2 protein chains.
Amino acid sequence: MATIRDVAALAGVSISTVSRVLNKSGYVNAETEKEVLKAIQTLKYEPSDVARGLTNKKTKTIALILPDIVNPFFPALSRAVEDVARTLGYTVIFGNSDGQANKEKAYINILKQKYISGIIFASHNLNRDDVEYLQKIDIPFVVLDRAPSRENCTVIRSKNFEGAKIAVQHLLDIGCKKIAHIYGPQEINTAKDRLMGYEESVKNSNWYSPTLMVPGNFKLDGGMNAARVLMERHPDVDGIFVGNDLMAVGALKTLLRLGINVPKQIAICGFDGINLTEAVEPELTTIAQPIYEMGALAAELLIMKIEGSRVENRIYELEVKLVQRDSTRK
Amino acid sequence: MATIRDVAALAGVSISTVSRVLNKSGYVNAETEKEVLKAIQTLKYEPSDVARGLTNKKTKTIALILPDIVNPFFPALSRAVEDVARTLGYTVIFGNSDGQANKEKAYINILKQKYISGIIFASHNLNRDDVEYLQKIDIPFVVLDRAPSRENCTVIRSKNFEGAKIAVQHLLDIGCKKIAHIYGPQEINTAKDRLMGYEESVKNSNWYSPTLMVPGNFKLDGGMNAARVLMERHPDVDGIFVGNDLMAVGALKTLLRLGINVPKQIAICGFDGINLTEAVEPELTTIAQPIYEMGALAAELLIMKIEGSRVENRIYELEVKLVQRDSTRK
DNA sequence: CTGAAAGCGCTAACAC
DNA sequence: GTGTTAGCGCTTTCAG
């Protein structure tokens, strides 16, 4: 593979001139530039990102750390990140943390050794120490959903609280008289916000009872189990707002197995907007987050940071949207 | 961040000695080694992968190029690759090619500039030229499902042809009298092999007709449409072997919407073994590929190649397994 | 067993 | 405008 030296030799200039045309930095005579470009062409020269990295401490690669790519929320997000990264000339390393602080910390270290340009953390476990560390070693980062502090992080999320209220209102609108909620792990902010949105919406209803709120694990089986519990406690429920789509699918399974008609007897509304909601029958109504946009924005903001644009350290909160489907069409 | 020089200084040795203990290469006095290790400890020194890359032309990072991470087959595969890569000290870059040869070629180039250690191509579009190019620039690679030539590629796949026969046999075993097949794009090897397996299994049956084979696109809507076509052509079909799970889920949707009971009236068997088969109701019987194992094996073989072990350039063909669920339990 | 020195391929002062 | 040179942090001969 040709190096910058080969190009310089062929073009009859010095390597710094070549470097200048490569980086469009400093002045270069139009003629010489042409020569250099020609030499680059004929040698099919491509600068080595690694050598550049060594000098710049930046590698045009970003990392995406997420809990588990197998969780159906993340593929779409990853796709968005990769799409915009590639467009902007970046490459993306991905890592699964399983939500474990130590795995995530280990990744930060590895990535540092690789002079990673920046990191996107998705619904993870970042704590104050990590944030300080990242700041200390000067690695730009962006956080999805969760952040230990609002002040010094750029965080992207969608309107979970409002979305929950929209969900409940929708169920009321279609005529539900007693609405339950299956919520996710309360260590997870999104799960908490959605639960709060539900509570605030229903607490003054005469049918309200705390036992209408059943915990789940944000996974399929959690939704299945929660629905079973709920049916035992409150057989008269006629609407369920489920904290995420995966559990909503689980709940749907349980209801179908119990011979309950969805939506006629019980309507279901999920949250997230993953593709899975369209794979099941009946298709699930959901409060859709703009998943792709969230990923794209994360990548854009991160790369802006990397390239020196000032990016506000604040929460970017995106809108959610009610997507009605058969599970709430009585 | 401390460099190798800092360590050398603190330990009172030369940098080459430090390098030796770092790489366990060459002889180092036990005493000096201890000193060096201590210095490394107190300085929290971590060698720079980038600097190493510059000298070694290897970066301890591999790439995974796949069509689209959003396709539910790939998350599990990716997870496996990342798991074993991490365990073996590698990091993974992922890229979506959308099955487009040019995107894939572009990635190869970018990765080359990054001194990528090796590449895994999943069900992609690699052609002879690409293979030659990769060999020329000496980047180890492994291919999943498809390869332009058997001789000079390490390819991993599962028994598609045999799996298809198992599927048909299973449908016969549970009493199906007329079995249709929805097949995937014939440019894709796996789709072709599965179709051939079906044909070979049924071509001598008295009920056989070529019109029982309906094309699909390996996606949800393809399965939905194909099932509709099929029901018009052959309302008396009582078993469908679908070329992949995603289409099988689509077919199931169509049948449920038509008020057809699955499995009583029509049994369905898919292929792949993705999680989605357990999310729908009834759950789908499928010919499960060992998806995780395939990814893990790909990563292992690739890293063996990278690290200089001889790895046979041949096809590693893994077993598939019938997983019976309610969609074929009459 | 250990150190000196020459790169790996590139960027960025600093001269000319 | 363009060339020289000194690194970036590490590995690896080659002496000693």
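Since the model is a prediction, treat every value here as computed from it, not as a measurement. Lettering of chains follows the sequences in order, A, B, ..., and the numbering in each one begins at 1.
- With sequence neighbours excluded, no residue satisfies side chain to side chain donor-acceptor pair (under 3.5 Å) with A/T3.
- Residue B/S19 is classed as a base contact, given a heavy-atom separation below 4.0 Å to a base.
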Every protein N/O lying under 3.5 Å from an N/O of nucleotides 4-6 of chain D:
residue, atom, partner, partner atom, Å
D/dT4, O4, A/S16, OG, 3.0

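- For the contact set between residues 107-114 of chain B and DNA chain D, defined by any heavy atom under 4.0 Å, there are no members.
- Checking B/K112 against B/Y133 by side-chain atom types alone, a donor-acceptor pair falls below 3.5 Å.
- Residues satisfying the side chain to side chain donor-acceptor pair (under 3.5 Å) test with A/D83, not counting sequence neighbours, are A/R79, A/R86, A/Y292.
- Panel note: side chain A/D130, backbone A/L126; no donor-acceptor pair is recorded below 3.5 Å.
- Residue B/V13 is classed as a sugar-phosphate contact, given heavy-atom separations below 4.0 Å to backbone atoms only.
- No hydrogens or angles considered: nothing links the side chains of A/E104 and A/S97 as a donor-acceptor pair under 3.5 Å.
- Within residues 50-62 of chain B, the residues approached by DNA chain D to less than 4.0 Å at the level of any non-hydrogen atom are B/A51, B/R52, B/T55, B/N56, in residue-number order.
- Using a 4.5 Å cut-off on side-chain heavy atoms (C-beta onward), A/R157 and A/T190 make no contact.
- The stretch residues 28-36 of chain A touches DNA chain D through A/V28, A/N29, A/T32, each having a heavy atom under 4.0 angstrom from the strand.
- Direction of the helix axis in the helix from C/dC1-D/dG16 to C/dC16-D/dG1 shifts by 40° between the two five-pair termini, rounded to 10°.
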Less than 3.5 Å apart, which donor and acceptor atoms pair up between the side chains of residues 297-308 of chain B and the rest of the protein, not counting sequence neighbours?
residue, atom, partner, partner atom, Å
B/K305, NZ, B/F141, O, 3.0
B/K305, NZ, B/T154, OG1, 3.0
B/K305, NZ, B/N313, OD1, 3.3
B/E307, OE2, B/Y90, OH, 2.8

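- More than 12 non-hydrogen atoms from other residues, nucleotides or ligands lie less than 6.0 angstrom from NZ of A/K103.
- Following rounding to the nearest Å, B/L43 (CG) and D/dG9 (C1') show an atom-to-atom distance of 14 Å.
- Atom CD1 in A/I93 sits 7.0 Å away from atom OG1 in A/T59 (nearest 0.5 Å).
- With sequence neighbours left out, the ring pair (Phe, Tyr, Trp, His ring centres under 6.0 Å) criterion links A/F74 to no other residue.
- Taken to the nearest 0.5 Å, the CD1 atom of A/I108 stands 5.5 Å off from the CD1 atom of A/I119.
- One finds no side-chain N or O of A/Y115 lying less than 4.0 angstrom from the OP1 or OP2 phosphate oxygen of D/dC10.
- The NZ atom of B/K24 sits 15 Å away from the P atom of D/dT12 (whole-angstrom rounding).
- Taking each heavy atom of A/V92 and A/A85 in turn, the nearest pair found is CG1-CB, 3.8 Å.
- Between B/I4 atom CD1 and D/dG7 atom P there is a gap of 18 Å when expressed in whole angstrom units.
- A pairwise comparison of heavy atoms in A/S14 and A/A8 identifies C-CB, 3.7 Å as the closest pair.
- Taking the ring pair (Phe, Tyr, Trp, His ring centres under 6.0 Å) definition, one finds that B/Y107 meets it with nothing, sequence neighbours left out.
- Note: B/D6 CG to B/Y45 OH = 9.0 Å, rounded to the nearest 0.5 Å.
- Nucleotides of DNA chain C that come within less than 4.0 Å of any heavy atom of chain B span, from the 5' end to the 3' end, C/dC1 to C/dG9.
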- [ ] May I have the step-by-step check of side-chain contact (heavy atoms from CB on, under 4.5 Å) for A/N23 and A/R52, ending in yes or no?
- [x] CA-CA 11 Å; A/N23 301 294; A/R52 280 183 162 167; 3.5 Å; yes

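- Qualifying salt bridge (charged side-chain N to carboxylate O under 4.0 Å, His left out) partners for A/K114, counting only residues two or more places apart in sequence or in other chains: B/D49.
- Note that OG of A/S158 is 7.5 Å distant from CD of A/E317, once rounded to the nearest 0.5 Å.
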